Amino acid sequence: MKALALLAVPLALAAAPKELHFAMPGDPKTFDPLHVGDSNSETIRYLTGGVLFRVNRATDQLQPELAESWEVKEGGRSITFHLRPGLRFSDGSPFTASDVARALNRALDPKEGSPAGDTLRSADGNPEVRIVSPREITVRYKSPKAGFDRMFDGLAIPPAASAKLPASAGPFFVSEYHPGEYVRLSRNPYYWKRDAAGRALPYLDSIRIDIQQNHDIELARFLRGELHLINRLDPESFDRLAKAKPGTARDLGASLDSEFLWFNQAPSRTLPEWKRRWFTSAAFRHAISRAIHRDDIARIVFRGHAHAASGPISSANRFWFNASLKPVSPDPQNALKLLAADGFTLREGVLRDRDGHAVEFSLITGSGNRSRERMAPLIQDDLRKIGIRVNIVTLDFGSLIERIAKTLDYEAALLGFANVDPDPMEEMNFWLSSGAQHPWWPSEKSPATPWEARIDALELRQASESSRAARKAAMDEMQRIVMEQEPVIELVNPDYLCAISSSVRGAQPSVAPPQVLWNIEWIRLE
């Protein structure tokens, strides 16, 4: 009897449910994958949503999911999906081409207001969606659409029946939700994927996602072993964790994110014309860029967890980055030579323009953003050394956006991107001169300079090309022009930092969202 009792303990442990624990900073706003517009809902969508195929975050290659194969035809105008046999949602209902068609039509319906639909539409309007058979569906555009195969990575297909906690065709489904406390995801018993040994995936039985706004509490809970991972760490927390629990904190190098500054080049009643002449001068912008010590920003502000930027696309974005570009090296003497050639003179420590105006400007940035609040004084000090006075102004987010996008009542701005998609299509509204988010002159009626017109042409070309190689060539030239003109002065790419418990196996964290969680069905606990 004693022997039997001893054997019962490991058997019970072996059968214990495997539940992954982590936290996110807020409640999801929706569980409908077609209406996701916030990062918390996006986390749930990614872990539960069934998609036709997935972009592998480790290799950047497309891999089959609910569609076992697909064909791109008509020069990039149409795509036909061939679904796997026997697919089911987590409630056991069959998954067919009708579900795909319904999801597509819902997303494309303007009344739905679906963010997924915004991605799927083209300049020619909605594509034609045609069911060929229960396992085959074709989506056809009137003209080629750039990268349209990869955009289906973001289309999670829900079942027909609407429910507060909907079924899913992905590895997990939402089984519990307690607002302000946690979301629990349970294993989809009908998920199609298996490992090489034939074992059904996912390996985990469930996932508990706690709602936790305070990152210090999140870190303390990880240190106590209550959480298995932290999907994003700040540099201070990373260094603290690296000392307290060696081997759990991971620095993957430069992220897709970027920090930068720019000058207001738009006509504005609050901007004197002589200051606008400075800001529209490429020589002036180059001088500012060369006066800034990016390595100091990386070392002091990010505690060594950042890299000097080489252009408008991070070097971490391996396919789209123009590898011929290099970071701007600090060279205050060269900066002064550029300024002298442009009519500026340095007298008694004060830089003056050709009309005698002392060079001084205000730099606005967001209050509460610790990194930028620390960057601004370093930039201020670097520019003081070449005779330029910088006045730092911190604003709440609403006031900041009001100034840079509406009133244009500012001189220079320090901001950044938290990029969620490696594809440059996501930044078109930033770089097109007509874009509402065009930083140095929003919604220009026409490009103010030939180089801006060229950027417009390149952005529109990459948006209409079906060939990824042709899109890459256009984006390489666009990046080169940005660095030649520096309308946006690229500063640093912060590193992607995360924490993974030693009990977690199979994680392959990536700089592309959702980082640690992208291959969730392969993650297991030991």
Side-chain angles (χ1 to χ4, degrees), residues 24-25 39 42-43 57 215-216 218-219 229-242 248-262 289 292-318 320-322 325-330 363 365-380 382 392 394 397 400 413-422 424 426-427 430 439 479 482-483 486 488-500 509-518:
M24 63 185 183
S39 60
E42 173 60 25
T43 297
R57 270 39 176 188
H215 292 297
D216 291 332
E218 180 185 27
L219 180 62
L229 60 89
I230 300 177
N231 203 37
R232 184 178 286 270
L233 283 170
D234 59 68
E236 291 84 358
S237 297
F238 179 93
D239 288 349
R240 179 182 165 192
L241 183 58
T248 59
R250 301 194 191 183
D251 183 340
L252 268 66
S255 68
L256 300 179
D257 301 346
S258 57
E259 299 290 331
F260 47 78
L261 69 87
W262 75 85
S289 181
I292 296 172
H293 288 70
R294 290 162 175 79
D295 288 343
D296 285 350
I297 293 174
R299 178 174 54 84
I300 297 170
V301 176
F302 294 95
R303 304 167 74 101
H305 303 295
H307 290 72
S310 300
I313 294 179
S314 170
S315 59
N317 197 343
R318 290 172 297 196
W320 295 106
F321 172 61
N322 183 339
L325 301 177
K326 305 299 178 188
V328 175
S329 299
L363 178 66
T365 194
S367 59
N369 186 298
R370 289 188 292 180
S371 297
R372 289 173 201 143
E373 287 181 338
R374 293 171 182 171
M375 269 191 279
L378 293 180
I379 294 168
Q380 180 186 51
D382 283 339
I392 300 168
T394 57
F397 185 73
L400 188 69
L414 174 64
L415 280 175
F417 268 147
N419 284 329
V420 298
D421 194 327
E426 298 299 314
E427 296 181 14
F430 186 88
Q479 293 172 73
V482 169
M483 293 305 285
E486 291 198 284
V488 173
I489 296 173
E490 303 290 342
L491 298 173
V492 297
N493 300 120
D495 286 3
Y496 170 60
L497 310 174
C498 64
I500 303 174
S510 163
V511 296
Q515 280 103 10
V516 177
L517 303 168
W518 76 267

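Numbering starts at 1 and runs along the sequence shown. These numbers come from a predicted model, not from an experiment.
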Exercise for review: Please answer whether the main-chain N or O of N322 pairs with a side-chain N or O of Q479 as donor and acceptor at a distance below 3.5 Å.
Suggested key: yes
Exercise for review: Would you indicate whether the side-chain heavy atoms of R372 and L415 approach each other to under 4.5 Å?
Suggested key: yes
**Study point:** Nearest heavy-atom neighbours spanning E373 and G368
**Key:** OE2-N, 2.9 Å
Check your understanding: Any idea which heavy atoms bring F302 and S371 closest together, and the distance?
Key -> CE2-OG, 3.7 Å
Practice item. Taking all non-hydrogen atoms of both residues into account, name the closest pair between L241 and T248 and its distance. Key: CG-OG1, 3.6 Å
Exercise for review: Taking all heavy atoms of L325 and all of S310, pick out the closest pair and write down the distance.
Suggested key: CB-O, 3.3 Å
Study note, to complete from the structure: To the nearest 0.5 Å, atom CZ of R318 lies from atom CG of L256 at 10.0 Å
Check your understanding: Could you give the distance from CG (L491) to CD1 (I297), rounded to the nearest 0.5 Å?
Key -> 5.0 Å
**Study point:** Student check: side-chain heavy atoms of R294 and I489 closer than 4.5 Å
**Key:** yes
**Study point:** Verdict with reasoning, E486 to V328, per side-chain contact (heavy atoms from CB on, under 4.5 Å)
**Key:** CA-CA 11 Å; E486 291 198 284; V328 175; 3.9 Å; yes
Check your understanding: From L252 CG over to C498 SG, what is the distance, rounded to the nearest 0.5 angstrom?
Key -> 5.5 Å
**Study point:** More than 12 heavy atoms of other groups within 6.0 Å of R303 CZ
**Key:** yes
Check your understanding: Yes or no on side chain to side chain donor-acceptor pair (under 3.5 Å) for S314 and N317, after CA distance, side-chain angles and deciding distance?
Key -> CA-CA 5 Å; S314 170; N317 197 343; over 6 Å; no
**Study point:** Min side-chain heavy-atom separation P377-I392 under 4.5 Å
**Key:** yes
**Study point:** Side-chain donor or acceptor of D495 paired with backbone N/O of L497 under 3.5 Å
**Key:** no
**Study point:** Side chains of E42 and P514 in contact at under 4.5 Å (non-hydrogen atoms)
**Key:** no
Check your understanding: Do side-chain atoms of W518 reach the backbone of R57 as a donor and acceptor pair under 3.5 angstrom?
Key -> no
**Study point:** Side-chain heavy atoms of E259 within contact of V301, under 4.5 Å
**Key:** no
Practice item. To the nearest 0.5 Å, tell me how far N493 CG sits from D257 CG. Key: 8.0 Å
Practice item. Give, for atom CG of D295 and atom NE2 of H307, the distance between the pair rounded to the nearest 0.5 Å. Key: 10.0 Å
Practice item. May I ask you to decide if P494's main-chain N or O and S255's side chain share a donor-acceptor pair within less than 3.5 Å? Key: yes
Practice item. Give the minimum heavy-atom separation between A309 and E490, together with the two atoms involved. Key: CB-CB, 3.8 Å
Check your understanding: Can you tell if the side chain of M24 reaches within under 4.5 Å of the side chain of N231, non-hydrogen atoms only?
Key -> no
Check your understanding: Which distance, rounded to the nearest 0.5 Å, do you find between the CZ of R250 and the CD1 of I230?
Key -> 13.0 Å
Review point. Considering all heavy atoms of both residues, which atom of K326 and which atom of M483 are nearest to each other, and what is their separation?
Key: O-CE, 4.3 Å
